[in-house]
Colleague: 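The structure under discussion is supplied below as structure tokens; questions concerning it will follow.
Just so we're on the same page: letters track the sequence lines, and every chain starts at 1.
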There are 2 protein chains.
Amino acid sequence: MVTPGRRRVTISDVASHAQVSVTAVSKVIRNAYGVSPAMKDRVKAAIDELGYRPQAVARGMRGRTFTIGLVLPHIRNPFFADILDGLTAYLETTDYQAFMIQGGATRKVEQRAVDALVDRQVDGIIMVAPLASRARLEEVAKEKPLVVLARHERSPHYDSVFDDDEAGAELVVEHLIELGHRRIAHITHQDDSIARPGDLLHNIRSATYERVMGEHGLADEIAVATSFYSEKGGYDGARQLLDRTPRPTAIFAGADQAALGALAALHEACLSVPADVSVAGYDNTHLAALPNIALTSVDQDGGEMGRAAGKLLLERVEGRMTPVRFSVTPSLVVRGSTAAPPA
Amino acid sequence: MVTPGRRRVTISDVASHAQVSVTAVSKVIRNAYGVSPAMKDRVKAAIDELGYRPQAVARGMRGRTFTIGLVLPHIRNPFFADILDGLTAYLETTDYQAFMIQGGATRKVEQRAVDALVDRQVDGIIMVAPLASRARLEEVAKEKPLVVLARHERSPHYDSVFDDDEAGAELVVEHLIELGHRRIAHITHQDDSIARPGDLLHNIRSATYERVMGEHGLADEIAVATSFYSEKGGYDGARQLLDRTPRPTAIFAGADQAALGALAALHEACLSVPADVSVAGYDNTHLAALPNIALTSVDQDGGEMGRAAGKLLLERVEGRMTPVRFSVTPSLVVRGSTAAPPA
DNA sequence: TTGAAAGCGCTAACAA
DNA sequence: TTGTTAGCGCTTTCAA
């Protein structure tokens with residue numbers, strides 16, 4: 001039970017060292033009104049001399065902890081790293097710190113992660129692609145300022161930051177059709193979410209795929225493998241699709257991670273990309289840009305999304321109650337993995 | 001169950017609902033001695049009825065926050081995800097929660113991350129491959145229980161969990177030599193750390209590379225590109241190495257991430273792997289196993305390391321003061337990216 | 001076995 | 001402008 005170490009410098013150490021009241025020190029560290037320049041200098045000097053840093057947890061007992069929680073499904077998708085970097089960069093200009101926690105693959109684990117954050121008194125929460133139902137998210141928003149990334153529903157109580165997944169998926173499918181493909185297959189993601197399908201990005205991407213196929217008279221060619229947005233998921237999904245006769249000439253994987261798995265499956269099946277089969281992904285992760293992968297993909301600015309999420313969340317922490325929706329417009333980055341279908 | 005009236009349920013709500021003292025409730029939630037079974041049941045019933053969850057932050061004011069901080073350099077390396085998963089799995093059997101924070105690429109950012117954790121009263125800290133000097137880590141260990149991953153020094157005040165990087169690097173270089181390679185090059189990592197070279201894994205890997213080369217009479221063939229353990233770093237490093245005449249016939253990248261970049265550079269230079277150049281990595285991330293990458297790599301059990309780190313840290317939180325070192329033995333996973341050199 | 005009461009380090013009413 | 005004084009929600013003596 002022994003905690004190693006000396007006693008930490010507290011606000012009253014600073015107060016007595018500067019020969020002022022504890023309140024005065026508190027005001028200075030909060031930049032509150034009602035402190036003379038002289039007192040401010042004096043307190044600041046004492047703070048520096050003693051190396052004082054306020055204990056966020058104690059501050060939280062009355063006010064804020066200056067901590068925000070970021071719930072990511074997992075940390076295996078490099079796209080999430082982009083979001084985190086954007087968020088971190090934004091928070092650097094503030095007094096807030098972000099802590100990350102894995103939301104996992106099930107609603108139960110995700111809920112536990114959120115509870116852990118709430119129990120630790122974070123000032124606000126950012127959830128990336130949550131599985132929770134709308135109702136659950138509203139509950140969370142009742143407890144803490146909340147910003148949700150990568151979901152499409154409109155909520156009165158939390159902010160949304162998302163990519164226009166419909167536009168993005170359209171870009172991919174139209175691109176493949178323009179190249180002359182007809183047998184275009186899709187790999188989508190499955191989860192245990194009970195959210196409405198239209199709220200979840202993978203459902204939007206797959207529904208858009210089906211819509212655009214239909215609009216081009218290709219309804220009969222629709223082929224969807226329901227798997228996971230992961231390397232293994234993409235691999236499994238692609239194998240499933242390649243078993244079809246006739247074989248698809250193009251695969252649109254709903255995420256780069258899955259596209260990587262699809263590329264692996266094609267390689268294993270001795271099919272060359274793009275000569276035999278074209279492949280496209282979504283997210284434009286940095287792996288897509290590697291010359292030996294050269295994956296055509298949809299770019300959505302993750303850094304920008306992270307930054308926006310941070311900004312919106314702090315606005316909420318400061319008291320904004322009206323919901324804001326921030327949407328990023330995707331663009332298609334064409335690389336070597338897509339070309340005209342074999343003759 | 002959400003409280004009507006939206007104020008969070010506190011320990012005294014539970015106490016009055018169960019008609020017992022606050023102390024009694026506290027004892028029950030801490031599993032402390034001195035509560036009759038009857039009282040325990042009564043309190044537990046009240047807790048369930050009200051949906052009470054103790055506020056970790058308030059507990060921390062006197063005791064523990066049941067929170068541990070994990071400092072990762074970044075979240076772009078899938079190997080870190082393995083560590084996190086192992087840690088999370090272990091903590092699931094306890095009352096503790098891990099929060100992740102990015103340590104970044106410089107000592108300054110890393111220190112800020114550690115301070116953020118300390119200020120938020122975590123019960124202990126796990127640092128993965130930190131840049132900090134030994135002295136700095138000792139300081140951290142003085143403030144909080146500390147476990148350091150992927151560093152090799154022996155400390156009296158914190159625990160270490162690491163892979164035997166010397167053995168691992170040896171496996172790779174010996175493997176390449178056995179295949180008949182002589183011009184084996186290496187890509188290593190550069191950072192702003194002032195830690196002793198022998199404490200940092202990338203220095204051990206590169207020093208071992210040089211030693212083994214020397215032992216086989218290949219000292220003249222030593223070629224090291226100092227870059228970064230990242231895709232871009234591997235790409236740049238490989239390009240640098242390929243400019244040499246004669247060209248190396250094998251590249252040992254100190255990490256899979258860098259190996260991926262090297263593969264990309266080779267592809268771009270129209271060199272085939274392994275026919276023209278063999279490539280090996282380190283970490284055996286799941287990407288290495290994809291058939292189209294098929295990267296020979298050194299496996300170190302990240303999940304096991306994460307689990308061990310969690311266990312050791314909690315032991316320290318419980319009071320252990322003597323240092324423990326936990327070492328994982330690496331093994332070589334040979335795949336298609338390495339073969340005999342061209343004739 | 002129980003519970004009253006004193007803090008933990010801060011913030012925020014309210015006085016001076 | 002300053003300082004005094006209650007708490008925030010818990011844990012921990014220490015009596016009863």
Colleague: Return the nearest nucleotide to the side chain of A/Thr23; candidates are C/dC10, D/dT4, C/dT2.
Modeller: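 Taking heavy atoms from C-beta onward, the closest nucleotide is D/dT4.
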Colleague: Need one value for A/Val57: base, sugar-phosphate or nothing, where a base atom within 4.0 Å counts as base even if backbone is also close, heavy atoms only.
Modeller: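 Answer is nothing: A/Val57 stays at 4.0 Å or more from every strand.
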Colleague: Measure the distance from CZ on B/Phe66 to P on D/dC10 and round it to the nearest whole Å.
Modeller: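 Going from B/Phe66 (CZ) to D/dC10 (P), I get 12 Å.
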Colleague: From CZ of B/Arg120 over to C1' of C/dC10, roughly how many Å is that when rounded to an integer?
Modeller: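 Rounding to the nearest Å, CZ of B/Arg120 and C1' of C/dC10 are 14 Å apart.
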Colleague: Find the distance A/Asn31:CG to C/dT11:C1' and express it as a whole number of Å.
Modeller: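 So the CG-C1' distance, A/Asn31 to C/dT11, works out to 15 Å.
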Colleague: Given D/dT11, C/dT11, D/dG9, identify the nucleotide with an atom nearest to the side chain of B/Arg30.
Modeller: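 So the nucleotide nearest the side chain must be D/dT11.
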Colleague: Nearest-nucleotide wise, let me know which of B/Lys27 and A/Val9 is further upstream toward the 5' end of DNA chain C.
Modeller: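 Final value for this comparison: B/Lys27.
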Colleague: Grab the CZ-P distance between A/Arg59 and D/dG9 for me, whole Å please.
Modeller: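 Value for this atom pair: 18 Å.
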Colleague: Grab the CG-C1' distance between A/Asp123 and D/dC8 for me, whole Å please.
Modeller: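 Between C1' of D/dC8 and CG of A/Asp123: 14 Å.
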Colleague: Figure out the CG/C1' separation between B/Asp13 and D/dG9, and round it to whole Å.
Modeller: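 Checked: the CG to C1' distance equals 10 Å.
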Colleague: Counting only side-chain N and O atoms of B/Tyr52, is one of them less than 4.0 Å from OP1 or OP2 of D/dC10?
Modeller: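 For D/dC10, OP1/OP2 do have a side-chain N/O of B/Tyr52 under 4.0 Å.
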Colleague: Which nucleotide in the list C/dT11, D/dG3, D/dT12 gets nearest to the side chain of A/Ser21?
Modeller: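 Output: D/dG3.
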Colleague: What is the separation between atom CG on A/Asp119 and atom C1' on D/dC10, rounded to the nearest whole Å?
Modeller: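 After rounding, the gap between these two atoms is 13 Å.
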Colleague: Could you check which of D/dG9, D/dT2, C/dA12 has an atom nearest any side-chain atom of A/Arg62?
Modeller: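 Nearest listed nucleotide: C/dA12.
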Colleague: More than 12 heavy atoms of other residues, nucleotides or ligands under 6.0 Å from NE2 of B/His157: yes or no?
Modeller: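 No.
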Colleague: Can you confirm whether the side chains of B/Gln102 and A/Asp85 place a donor and an acceptor under 3.5 Å from each other?
Modeller: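 A donor-acceptor contact under 3.5 Å links the two side chains.
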Colleague: Counting side-chain heavy atoms from C-beta on, which of C/dC8, D/dT2, C/dG9 comes nearest to A/Met61?
Modeller: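 Within the option list, the nearest is C/dG9.
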Colleague: Side chain of B/Ala24, heavy atoms from C-beta onward: which of C/dG3, D/dT4, C/dC10 has the nearest atom to it?
Modeller: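 Looking only at heavy atoms from C-beta outward on B/Ala24, the closest nucleotide is C/dG3.
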Colleague: Check whether the side chain of B/Ser36 and the base of C/dT2 form a donor-acceptor pair under 3.5 Å.
Modeller: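 Under the 3.5 Å cut-off, the side chain and the base do not form any donor-acceptor pair.
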Colleague: Describe, in one word, how the ring planes of A/Phe99 and B/Phe99 are oriented to each other, choosing from parallel (under 30°), tilted (30 to 60°) and perpendicular (over 60°).
Modeller: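 Correct class here is parallel.
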Colleague: Would the base of C/dA12 count as contacting A/Ser26 through its side chain, where contact means a donor and an acceptor less than 3.5 Å apart?
Modeller: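 Side chain to base: no pair present.
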Colleague: Atom CD of residue position A/Glu318 - does it have more than 12 heavy atoms of other residues, nucleotides or ligands inside 6.0 Å?
Modeller: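 Yes.
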Colleague: What is the separation between atom CD1 on B/Ile11 and atom C1' on C/dA4, rounded to the nearest whole Å?
Modeller: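 B/Ile11 atom CD1 is separated from C/dA4 atom C1' by 14 Å.
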Colleague: Any chance the side chains of A/Ser155 and A/Arg134 put a donor and an acceptor closer than 3.5 Å?
Modeller: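 Their side chains do not contain a donor-acceptor pair, so the 3.5 Å distance test is not met.
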Colleague: Starting at the 5' end of DNA chain C, which residue's closest nucleotide do you reach first, B/Met39 or B/Ala58?
Modeller: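 In this pair, the answer is B/Met39.
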